[in-house]
Visitor: 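Take this structure, written in structure tokens, and hold onto it; I'll ask about it next.
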Amino acid sequence: MRIVAGKYGGRPLKTLEGKTTRPTSDKVRGAMFNMIGPYFDGGRVLDLFAGSGGLSIEAVSRGMDSAVLVERDRKAQAIVQENIRMTKEESLFQLLKTEANHALGQLDGQFDLVFLDPPYAKEEIVANIEELCQRQLLSQDVMVVCETDKSVDLPEEIAELGIWKQKTYGISKVTVYVR
């Protein structure tokens, strides 16, 4: 795997062996960013289930200012840290080594782009978006990008957000919510 585009474009990403994380393929990540960007003029990123950190690093590579990555798995945390070091701009990234639900209580400020790719998609995504809205962690122009198995049907609206775009790529479905 590698960073698809932007200032880190072409740099390799390490991924975790095994089934504890499901890294988004280069092809799906590229298509996802073409759907939501493809480039950004600043802003903060939150990745609640970081895995290898590829989505957040790609977002910063394409113009976001900074990213907060949340990962509970110790082996995945080590991979995220290696991938952040690869950028040579570690100060732009913050890794919270905890579960997503616990991290939500520690966050402050607002996020302009949020990635949700949880292990138990539908239930977790609805609860996460509701809590992000309740804690006022989402900017007015936020995009919440959810990656699920193509068989998962997310609600048209969650809290203050509604589906803006939805597309299936192979076995993955990407759903983007906005205000």
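On a predicted model such as this, the values are computed, not experimentally measured, just so you know. Computed from heavy atoms alone, side chains included, the values below leave out hydrogens, waters and symmetry copies.
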Visitor: Is it true that a side-chain atom of S61 and a backbone atom of K7 form a donor plus acceptor pair closer than 3.5 Å?
Guide: yes
Visitor: Evaluate side-chain contact (heavy atoms from CB on, under 4.5 Å) for K27 paired with Y169, printing each intermediate quantity in order.
Guide: CA-CA 9 Å; K27 183 178 177 185; Y169 302 99; over 6 Å; no
Visitor: Distance-only, no hydrogens or angles: does the D65 side chain make a donor-acceptor pair with backbone N or O of G43 under 3.5 Å?
Guide: yes
Visitor: Between L46 and M143, is there a shared hydrophobic cluster once you connect ILVMFWY residues whose side-chain heavy atoms come closer than 4.5 Å?
Guide: no
Visitor: Are V114 and V70 connected in a single hydrophobic cluster, I mean Ile/Leu/Val/Met/Phe/Trp/Tyr linked by side-chain heavy atoms less than 4.5 Å apart?
Guide: yes
Visitor: For R135 and L107, run side-chain contact (heavy atoms from CB on, under 4.5 Å): C-alpha distance rounded to whole Å, both residues' side-chain angles, the deciding distance at 0.1 Å, then the answer.
Guide: CA-CA 9 Å; R135 292 182 179 273; L107 297 171; over 6 Å; no
Visitor: Indicate yes or no for a side-chain donor-acceptor contact from R11 to the backbone of T87 under 3.5 Å, with no hydrogens or angles considered.
Guide: yes
Visitor: Might you point out which heavy atoms bring V60 and S66 nearest each other, and give the distance in Å?
Guide: CG2-C, 4.0 Å
Visitor: Does R179 reach the main-chain N or O of V142 with its side chain, forming a donor-acceptor pair under 3.5 Å?
Guide: no
Visitor: Quick one: does Q110's side chain have a donor or acceptor within less than 3.5 Å of a partner on L138's backbone?
Guide: yes
Visitor: Would you call I125 and T175 a side-chain contact if the rule is heavy atoms closer than 4.5 Å?
Guide: no
Visitor: With rounding to the nearest 0.5 Å, note down the distance linking CG in D117 to SG in C146.
Guide: 9.0 Å
Visitor: Any side-chain heavy atom of L113 sitting closer than 4.5 Å to one from I36?
Guide: yes
Visitor: Any side-chain heavy atom of L132 within less than 4.5 Å of one from L104?
Guide: yes
Visitor: Under a 4.5 Å cut-off applied to non-hydrogen side-chain atoms, are L154 and Y177 in contact?
Guide: yes
Visitor: Fit a plane to each ring of F93 and Y8, take the angle between them on a 0 to 90° scale, and name the class: parallel (under 30°), tilted (30 to 60°) or perpendicular (over 60°).
Guide: tilted
Visitor: Is the number of heavy atoms from other residues, nucleotides or ligands within 6.0 Å of CD (Q106) greater than 12?
Guide: yes
Visitor: Hydrophobic clusters here meaning ILVMFWY residues chained together by side-chain heavy-atom distances under 4.5 Å, can you tell me if V68 and I84 are in one?
Guide: no
Visitor: Measuring from atom CZ of F49 to atom CZ of F115, what distance do you get when rounded to the nearest 0.5 angstrom?
Guide: 14.0 Å
Visitor: Any sub-3.5 Å donor-acceptor pair from Q77's side-chain atoms to R72's backbone N or O?
Guide: yes
Visitor: Side-chain contact test, heavy atoms from C-beta onward, threshold under 4.5 Å: evaluate it for V152 versus K173 and give yes or no.
Guide: no
Visitor: Return the CD to CD distance between E160 and Q136, rounded to the nearest 0.5 Å.
Guide: 8.0 Å
Visitor: Has the side chain of E156 got a donor or acceptor atom that lies under 3.5 Å from a matching backbone atom of G162?
Guide: no
Visitor: First locate atom CE of M35, then atom NZ of K167, and finally report the distance between them rounded to the nearest 0.5 Å.
Guide: 8.0 Å
Visitor: Could you check whether any side-chain heavy atom of M86 comes within less than 4.5 Å of a side-chain heavy atom of L13, counting everything from C-beta outward?
Guide: yes
Visitor: L116, F40: one ILVMFWY side-chain cluster at the under-4.5 Å cut-off?
Guide: no
Visitor: Between E71 and D47, does a side-chain contact (heavy atoms from CB on, under 4.5 Å) hold up when you go through it step by step?
Guide: CA-CA 9 Å; E71 181 53 58; D47 189 347; over 6 Å; no
Visitor: Would a 4.5 Å heavy-atom cut-off, applied to side chains only, mark E130 and I158 as touching?
Guide: yes
Visitor: Quick check: closest heavy atoms across I3 and G54, and the distance to 0.1 Å?
Guide: CD1-O, 4.4 Å
Visitor: L48 versus E124: any side-chain heavy-atom pair under 4.5 Å?
Guide: no
Visitor: Using atom types as modelled and distance alone, determine if a side-chain donor or acceptor of E58 lies under 3.5 Å from a backbone N or O of V4.
Guide: yes
Visitor: If Ile, Leu, Val, Met, Phe, Trp and Tyr residues are connected whenever their side-chain heavy atoms lie under 4.5 Å apart, and connections chain through other members, are L161 and V178 in the same group?
Guide: no
Visitor: Is it the case that atom CD in E99 sees more than 12 heavy atoms from other parts of the structure closer than 6.0 Å?
Guide: no
Visitor: Please name the pair of heavy atoms, one in G53 and one in V80, separated by the smallest distance, quoted to 0.1 Å.
Guide: N-CG2, 3.9 Å
